[in-house]
> 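Okay, handing you the structure first.
Position 1 is the first residue of the sequence; numbering continues from there. Treat the numbers as computed from the prediction; the structure is a model and nothing was measured.
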Amino acid sequence: MEDERAHEPHHEALGVPEATRTSVKVEQALAGCDRLVLRGPAGSGKSTLVQWLALNAARQSFGPELADLNRYVPFLLRLRSFNTPYGLPMPEDFLSASGVPLRAPERWAEELLGGGRAGAGARGRCR
């Protein structure tokens, strides 16, 4: 992952010194994060990273540095799919909105989210 803040022009206007671009391992960048926002130009790997996170959480295959993420149930939502008057889905609709053809037990997603055991990853831009 690259630190994009080094290339944001408004930093100079605010008197923030120009930083250098640095790369860090994804495990380092995510360690201890409760929430994450990925920004970057098209093709920089944002969607790939979100898909990798969801896949490893679902497989419970994170290594020691991100082992806490193994307890999460990922919901990968594509924001472009919700460019409707209805907006984003409610948690009970996360499975179908993620393309999973199964019906969850009542209040399952809400309980996972409320208990901190689920993560909702969104891809794309909402217009």
Side-chain angles (χ1 to χ4, degrees):
M1 293 177 60
E2 293 189 9
D3 185 350
E4 282 186 10
R5 294 171 292 186
H7 302 286
E8 292 182 8
H10 65 276
H11 275 176
E12 288 180 22
L14 296 173
V16 176
E18 186 175 335
T20 58
R21 181 176 263 194
T22 59
S23 294
V24 296
K25 289 179 61 177
V26 70
E27 291 85 357
Q28 278 182 294
L30 297 178
C33 284
D34 289 336
R35 291 176 177 82
L36 175 68
V37 174
L38 296 174
R39 290 183 7 170
S44 63
K46 299 175 303 294
S47 292
T48 300
L49 177 59
V50 170
Q51 290 171 345
W52 178 82
L53 289 167
L55 179 65
N56 281 285
R59 289 181 174 170
Q60 298 180 339
S61 59
F62 283 110
E65 291 177 301
L66 297 177
D68 286 347
L69 296 178
N70 286 327
R71 65 185 189 91
Y72 284 89
V73 174
F75 294 104
L76 185 56
L77 306 173
R78 287 170 175 77
L79 290 178
R80 288 185 185 104
S81 302
F82 308 111
N83 193 10
T84 69
Y86 306 110
L88 295 174
M90 296 301 292
E92 65 265 17
D93 299 319
F94 278 6
L95 279 183
S96 60
S98 298
V100 176
L102 303 172
R103 182 125 178 98
E106 193 170 320
R107 301 211 29 85
W108 177 72
E110 292 91 336
E111 289 173 12
L112 287 172
L113 289 163
R117 290 211 43 245
R123 290 183 46 209
R125 179 180 293 183
C126 211
R127 296 174 198 231

> Quick one: list whatever passes ring-ring contact (aromatic ring centres under 6.0 Å, His included) with Phe94, sequence neighbours left out.
Phe75

> At their closest point, which heavy atom of Leu66 faces which heavy atom of Ala31, and how far apart are they?
CD2-N, 4.1 Å

> Calculate, to the nearest 0.5 Å, the distance between atoms OG1 and CG belonging to Thr48 and Leu55 respectively.
12.0 Å

> So which pairs with a foot in residues 23-58 pass ring-ring contact (aromatic ring centres under 6.0 Å, His included), sequence neighbours left out?
Trp52-Phe62

> Where do Arg103 and Leu95 come nearest, in terms of heavy atoms and distance?
C-CD1, 4.5 Å

> Please enumerate all residues that pass side-chain contact (heavy atoms from CB on, under 4.5 Å) together with Glu92, with sequence neighbours excluded.
Met90, Glu110

> Strictly by side chain to side chain donor-acceptor pair (under 3.5 Å), give each pair with a member in residues 93-102 just once, sequence neighbours left out.
none

> Which residue pairs pass the side chain to side chain donor-acceptor pair (under 3.5 Å) test with at least one member in residues 59-72, sequence neighbours excluded?
Asn56-Ser61

> Output all residues satisfying side-chain contact (heavy atoms from CB on, under 4.5 Å) with Ala54, sequence neighbours left out; order by chain, then residue number.
Pro74

> With a 4.5 Å heavy-atom cut-off, do Leu49 and Val26 have their side chains touching?
yes

> When clusters are formed by joining ILVMFWY residues with side-chain heavy atoms under 4.5 Å apart, either directly or through shared neighbours, do Leu69 and Val37 land in the same one?
no

